[in-house]
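Following: one structure in structure tokens, then a few remarks.
Note: hydrogens, waters and symmetry copies are ignored here, and every other heavy atom, side chains too, is used.
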Amino acid sequence: MEAFGDTTADSTRVPQLHAVASARLALTWQQFTVVCAFVALYLLSTYLPLFHAVTWRHIQSGEWIVANQIVPRVSPALPLSDGFESGTSSWLSDVLFSQIWRHTGVIGISSAVAVAFTTLMALTFAVFYRRSGRKRLALAGVAVALAVHWPRMAILRPEILGLICFSILLLLISTHGESEDARQRRMWIFCPLLVLVWANLDGSVVLGVITLAGLALARFMDAVRETRSVWLAVHDRRFQSSVYIAEVAAVVSMFQPAGFRLWTDLLLNTHASAWWEFGGYSPLVLATSTGWCVLGIWALTAVLLRLSQRSIMASEVAMMIMASLTVIVNRQMATWFVPMAIW
């Protein structure tokens, strides 16, 4: 009994552990709503049928690249197109899709669609939230983007990886409560690496480089307005940094199998260019669901500009102009128009 009593006494001196969760881990109802929305989106994406032939064409192209260890100049899926060059700017995406198919089958491809699309919408939310600082406005922007993406949700194609890279670029150039110098440092660190990966995933990297060039021009216009001198604007440090970043991005974009042809084919409007991978010249038709969506964004922009009391930056005007021109000449680029316009 005495020994038993000693054991009991010793056990009482053992410290008791209690689970204490940090208050930072607790979700507010707004955060809980955002999490539930993206979980529901992921679950919905996993049940979509993989009906489109584009997915399987890219998988076949990736298998051909792995088997032959070269990037084809003619699509392996079109044996009768010998001598007719096609775009090859998505070779890394094709290889990635083919390896997912080889090792995981249909379930893996379906999961890849869900992961890619949910990631894209999450990045879109992050961009809008960083710009506005308001979760409800960011969710509203995601809802608009989702409506435009809906007809193409069940298609695993390099374009969705390009859109993910573009969303990351928009996240890098967005500022909310931070200095311009901090944004420039972030761009110098991450932008070249992003463009390098993007250039091998999808030919839409040209749109990213053009966006950076347009923002550099917009910075020059802002500098002219601030200094009222073209000479001082040319020597503005932020303008020069924006130009250097755009130049570095343009050079890095050529580190892929097509090399400089990525740009020459685009300028020559050949069928092997990245432009034709997006459908070539396909003007916007307003009497369609896409046209009504674009009109709605234009109308909402006009109303907000009328009601807003803050000054409008040239970068915002440049982004809207580039987005509008893109969708006007090619209605299939509506998925790119929405994040640029809402930004």
Tell me if a side-chain donor or acceptor on Ser308 pairs with a main-chain N or O of Leu305 at a distance below 3.5 Å. no
Is Thr55 reaching over with its side chain to a backbone N or O of Leu156, donor-acceptor style, under 3.5 angstrom? yes
With side-chain contact (heavy atoms from CB on, under 4.5 Å) as the test, would you mind laying out the steps for Trp298 and Met320 before giving the verdict? CA-CA 9 Å; Trp298 283 339; Met320 191 64 180; 3.4 Å; yes
Evaluate the side-chain contact (heavy atoms from CB on, under 4.5 Å) criterion for residues Phe166 and Leu170: first the C-alpha distance (whole Å), next the side-chain angles of each, then the deciding distance (0.1 Å), finally the verdict. CA-CA 6 Å; Phe166 187 64; Leu170 292 180; 3.8 Å; yes
Working to the nearest 0.5 angstrom, can you tell me the gap between Glu316 CD and Ser311 OG? 8.0 Å
For a 4.5 angstrom cut-off between non-hydrogen side-chain atoms, does Ser90 reach Leu201? no
Are the side chains of Val294 and Arg331 in touch, meaning some heavy atoms are under 4.5 Å apart? no
Near Leu307 CG, under 6.0 Å, is it more than 12 heavy atoms from other residues, nucleotides or ligands? yes
Show your reasoning for whether side chain to side chain donor-acceptor pair (under 3.5 Å) applies to Trp336 and Glu159. CA-CA 10 Å; Trp336 300 82; Glu159 181 185 5; 3.2 Å; yes
Does CE belonging to Met221 count more than 12 external heavy atoms closer than 6.0 Å? no
Donor-acceptor contact present, side-chain Thr118 to main-chain Ala114, <3.5 Å: yes
Determine whether a donor-acceptor pair (N or O, by modelled atom type, separation under 3.5 Å) exists between the side chain of Thr104 and the backbone of Ile107. no
Test item: Leu139 and Tyr129 side chains (from C-beta on) under 4.5 Å apart, heavy atoms: no
Are the side chain of Asp236 and the backbone N or O of Leu232 linked by a donor-acceptor pair below 3.5 Å? no
Does Trp198 form a side chain to side chain donor-acceptor pair (under 3.5 Å) with Ser253? I'd like the steps, not just the answer. CA-CA 8 Å; Trp198 189 357; Ser253 69; over 6 Å; no
Check this for me: Arg136, atom CZ, are more than 12 non-hydrogen atoms of other residues, nucleotides or ligands nearer than 6.0 Å? no
In terms of heavy-atom contacts, Val148 and Cys293 come closest through CG2-SG, 3.4 Å
Separation between OG1 (Thr290) and CG (Leu284), nearest 0.5 Å, reads 7.5 Å
Run the side chain to side chain donor-acceptor pair (under 3.5 Å) test on Trp188 and Ser241 for me, step by step, so that the C-alpha distance in whole Å, both residues' side-chain angles and the decisive distance to 0.1 Å come before the verdict. CA-CA 9 Å; Trp188 275 114; Ser241 179; 3.1 Å; yes
Taking atom CZ of Phe117 and atom CD1 of Ile155, what is their separation to the nearest 0.5 Å? 11.0 Å
Looking only at heavy atoms, what is the nearest atom pair of Trp263 and Ala250, with distance? NE1-O, 4.1 Å
Would you call Leu92 and Pro158 a side-chain contact if the rule is heavy atoms closer than 4.5 Å? no
Could you tell me the separation between the OG atom of Ser93 and the CG atom of Leu161, rounded to the nearest 0.5 Å? 4.5 Å
Do Val115 and Tyr47 sit in the same hydrophobic cluster, where Ile, Leu, Val, Met, Phe, Trp and Tyr count as joined when their side-chain heavy atoms come under 4.5 Å apart? no
Taking the side chain as every heavy atom from C-beta outward, state whether Met333 and Leu207 have any pair of such atoms under 4.5 Å apart. yes
Identify the two heavy atoms, one from Ala233 and one from Ala223, that lie closest to each other, and give their separation to 0.1 Å. CB-CB, 3.7 Å
Hydrophobic clustering (ILVMFWY, side-chain heavy atoms < 4.5 Å, transitive) - are Val303 and Val338 grouped together? no
Are Val329 and Ile210 connected, step by step, through hydrophobic side chains (Ile, Leu, Val, Met, Phe, Trp, Tyr) whose heavy atoms are closer than 4.5 Å? yes
For Glu63 and Ser98, which heavy atoms make the closest approach, and how far apart are they? N-CB, 3.5 Å
How are the rings of Phe38 and Phe125 set to each other: parallel, tilted or perpendicular (split at 30° and 60°)? perpendicular
ILVMFWY network linking Val243 to Leu215, side-chain heavy atoms under 4.5 angstrom: no
Evaluate the ring planes of Phe239 and Phe220, with Trp represented by its six-membered ring, and classify them as parallel (under 30°), tilted (30 to 60°) or perpendicular (over 60°). tilted
Distance (rounded to the nearest 0.5 Å) between Leu163 CG and Arg157 CZ: 10.0 Å
Leu217 and Met313: same hydrophobic cluster, using ILVMFWY side-chain contacts below 4.5 Å? no
Kindly indicate, with the supporting measurements, whether the criterion side-chain contact (heavy atoms from CB on, under 4.5 Å) is fulfilled by Ile297 and Val144. CA-CA 9 Å; Ile297 292 178; Val144 176; 4.1 Å; yes
Is Ser132 reaching over with its side chain to a backbone N or O of Phe128, donor-acceptor style, under 3.5 angstrom? yes
Kindly determine whether Leu212 and Cys191 satisfy side-chain contact (heavy atoms from CB on, under 4.5 Å), including the steps that lead there. CA-CA 10 Å; Leu212 291 173; Cys191 190; 3.7 Å; yes
When you measure from the side chain of Gln332 to the backbone of Ser282, do you find a donor-acceptor pair of N or O atoms at a distance under 3.5 Å? no
Could you check if a side-chain atom of Thr326 sits within less than 4.5 angstrom of a side-chain atom of Phe337, using non-hydrogen atoms only? no
Contact between Met319 and Thr211 at the side-chain level, heavy atoms closer than 4.5 Å - yes or no? yes
Is it the case that more than 12 heavy atoms not belonging to Gln69 sit under 6.0 Å from its CD atom? yes
Tell me whether Thr46 contacts the main-chain N or O of Leu43 through its side chain, where contact means a donor paired with an acceptor under 3.5 Å. yes
Quick one: closest heavy-atom pair of Arg186 and Ser174, and the distance? NH2-O, 3.0 Å
Distance, nearest 0.5 Å, that separates CG of Leu172 from CD1 of Ile245: 9.5 Å
Residue pair Leu41 / Ser45: nearest heavy atoms and the distance that separates them: O-OG, 2.8 Å
Sub-4.5 Å side-chain heavy-atom contact between Val113 and Ile160: no
